[in-house]
Protein chains: 2
Amino acid sequence: MEMTLKRRETMHRLCGKGLEIFHAKGYYNTSLDDILNELSLSKGAFYHHFKSKEDYFINIVQNLIVQKVYALLIEPLNTNENPLPVIIESLKNALDPGKKNEMAYGFMLNDFLTEFNKRNEEISGQLKEIINVWEVNLVSLLKKGKLDGHIARHVDCEGVATYIIASYLGMRSLLMDSSNKQLKYQYIQQLKQYFNSIAAHHVAA
Amino acid sequence: MEMTLKRRETMHRLCGKGLEIFHAKGYYNTSLDDILNELSLSKGAFYHHFKSKEDYFINIVQNLIVQKVYALLIEPLNTNENPLPVIIESLKNALDPGKKNEMAYGFMLNDFLTEFNKRNEEISGQLKEIINVWEVNLVSLLKKGKLDGHIARHVDCEGVATYIIASYLGMRSLLMDSSNKQLKYQYIQQLKQYFNSIAAHHVAA
DNA sequence: CCTTGAACCGACCCACAAGTCGGTTTGTTT
DNA sequence: AAACAAACCGACTTGTGGGTCGGTTCAAGG
């Protein structure tokens with residue numbers, strides 16, 4: 001089974017470096033050779049493991065992007081606490097580049113969604129599905145929060161989830177270049193302001 | 001001067017159709033021939049009027065996109081009324097496809113911003129500049145609203161402007177396919193909710 | 001050793017799209 | 001109507017990048 005291990009290791013290296021470069025330069029603006037040169041691998045090696053560039057990226061979505069979105073944005077929602085601070089905390093984490101100078105995974109979703117929209121049905125469908133799962137989890141957490149008395153009864157939980165997702169995705173277009181601390185701070189502050197307006201009892205801003 | 005008129009008319013046709021197709025399929029995913037065939041024009045005609053595809057798109061940005069954004073999002077802010085309803089109205093307009101089944105100009109900004117980011121410094125710079133002008137105008141209107149007693153004194157106007165822009169841009173990623181009436185409605189409702197929390201006096205939701 | 005097959009190499013093929021250029025049409029001027 | 005230039009044509013050049021394929025390396029089993 002040593003063979004299988006080698007295969008998995010090479011595929012893993014390809015996916016990791018691929019996500020890094022696709023994210024930095026865009027999928028359609030990155031050639032396979034860009035990635036292969038970085039890893040000192042050949043076309044032949046690539047097509048031995050993946051059947052096409054698309055197949056390769058789908059692997060990346062399923063193995064890396066899905067995992068990260070779940071870890072950063074969805075799993076934290078599995079809580080019994082007051083939803084609003086939990087959501088804020090998860091978004092703050094997602095917008096920060098990871099501790100060990102990883103990528104800022106929060107940035108990827110809007111980028112790739114826009115890039116694949118109307119160009120690749122398969123991939124954009126999978127990305128939309130990720131957003132969809134996120135939305136469903138947000139809604140159900142918000143509804144639980146309403147029952148638990150943390151959120152005002154008049155609130156439209158679906159609407160709130162939509163609004164949270166929209167503002168989060170949109171931050172990407174504003175945070176393009178430098179990881180602008182100022183903008184992130186403003187965003188989180190205003191999100192708190194908004195959350196105050198849907199909380200069951202008013203809390204100091 | 002009949003020549004000049006002919007020239008201007010052809011350039012105008014090219015820009016109009018170009019924006020339509022670039023917006024529908026993306027700039028890098030659209031070949032010049034895609035556009036030229038639609039207009040029954042040739043490569044020669046194109047390069048007689050524009051020096052490159054990039055030059056062509058910059059023309060489109062300056063002549064069409066800037067105009068539309070100003071008309072829909074910036075000029076309406078030049079008012080002495082309560083800023084909050086004015087802003088809501090402008091966003092509602094921008095997200096609607098025009099009356100005479102035009103394009104939904106509100107969708108273009110996020111799409112093109114994302115597409116050109118890190119691929120074309122020149123163009124993405126111009127698009128960011130549009131956003132910047134919008135932000136400046138939003139901030140100054142909000143500040144005036146504060147002086148006029150429409151907006152609470154504790155409010156961070158820059159932060160509010162950032163948040164408005166982020167949520168607006170982000171809606172694009174959610175409204176991708178069909179012009180989903182439901183999502184638009186949710187967005188506007190939540191924006192009103194948010195605005196209630198920064199208004200000087202509470203108004204019914 | 002020798003065989004076998006997975007992992008890998010890299011020259012090549014092919015489609016596509018930006019940009020070129022010599023030539024043709026069209027309209028205006030005198 | 002001759003002359004001139006702007007507008008336009010379309011075959012061609014050139015570069016790029018996804019994908020192919022015959023061959024080589026290497027590790028494991030006999």
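Protein chains get the first letters and strands the later ones, always in sequence-line order, with residue 1 at the start of each.
Geometric assessment of B:K53 against the ring of B:Y27 yields a positive cation-pi assignment under the 6.0 Å and 45° thresholds.
For the pair A:F50 CZ and D:dG18 P, the interatomic distance rounds to 14 Å; values are reported in whole Å. Distance, B:L32 CG to D:dG10 C1': 14 Å, rounded to whole Å. Residue B:L36 contributes atom CG, which lies 12 Å from atom C1' of C:dA18 at whole-angstrom precision. Note: OH (A:Y28) to C1' (C:dA15) measures 16 Å, nearest angstrom. Taking atom CZ of A:F46 as the reference point, atom P of C:dA6 lies 19 Å away to the nearest angstrom. Protein atom CD of A:E9 is 15 Å distant from nucleotide atom C1' of C:dA6, rounded to whole Å. Separating the NZ atom of B:K6 from the P atom of D:dA5 is a distance of 19 Å, rounded to the nearest angstrom. Atom-to-atom, OH of A:Y47 to P of C:dC14 comes out at 16 Å; the value is rounded to the nearest Å.
Each of D:dC9, D:dG19, D:dA7 was ranked by its minimum atom distance to the side chain of A:K43; first place goes to D:dG19. Considering only side-chain atoms of B:H49, the nucleotide from C:dA18, D:dA7, C:dC8 that sits closest is D:dA7. Of the candidate nucleotides C:dA18, C:dC8, D:dG18, C:dC8 has the atom lying nearest to any side-chain atom of A:T10. Taking the side chain of B:L41 as heavy atoms from C-beta on, and the options C:dG10, D:dG18, D:dC9, the nearest nucleotide is D:dC9. In this structure, the nucleotide among C:dA18, D:dA7, D:dC9 sitting nearest to the side chain of B:R7 is D:dA7.
Inspection of the A:Q186 and A:Q190 side chains reveals no N or O donor paired with an N or O acceptor under 3.5 Å. Side-chain contact check for A:S173 and B:N110: at least one donor-acceptor pair (N or O, by modelled atom type) lies under 3.5 Å.
Electrostatic pairing of B:E158 and B:K143 counts as a salt bridge here, judged by a charged N lying under 4.0 Å from a carboxylate O.
Nucleotides of DNA chain D nearest to A:G44 and A:S31 differ in position, and the one nearer the 5' end is that of A:S31.
The aromatic ring centres of B:F112 and B:F22 sit 6.0 Å or more apart.
For B:H48, no side-chain nitrogen or oxygen approaches OP1 or OP2 of D:dC8 to under 4.0 Å.
Remark: the A:K53 side chain and the D:dG18 base include no donor-acceptor N/O pair separated by less than 3.5 Å.
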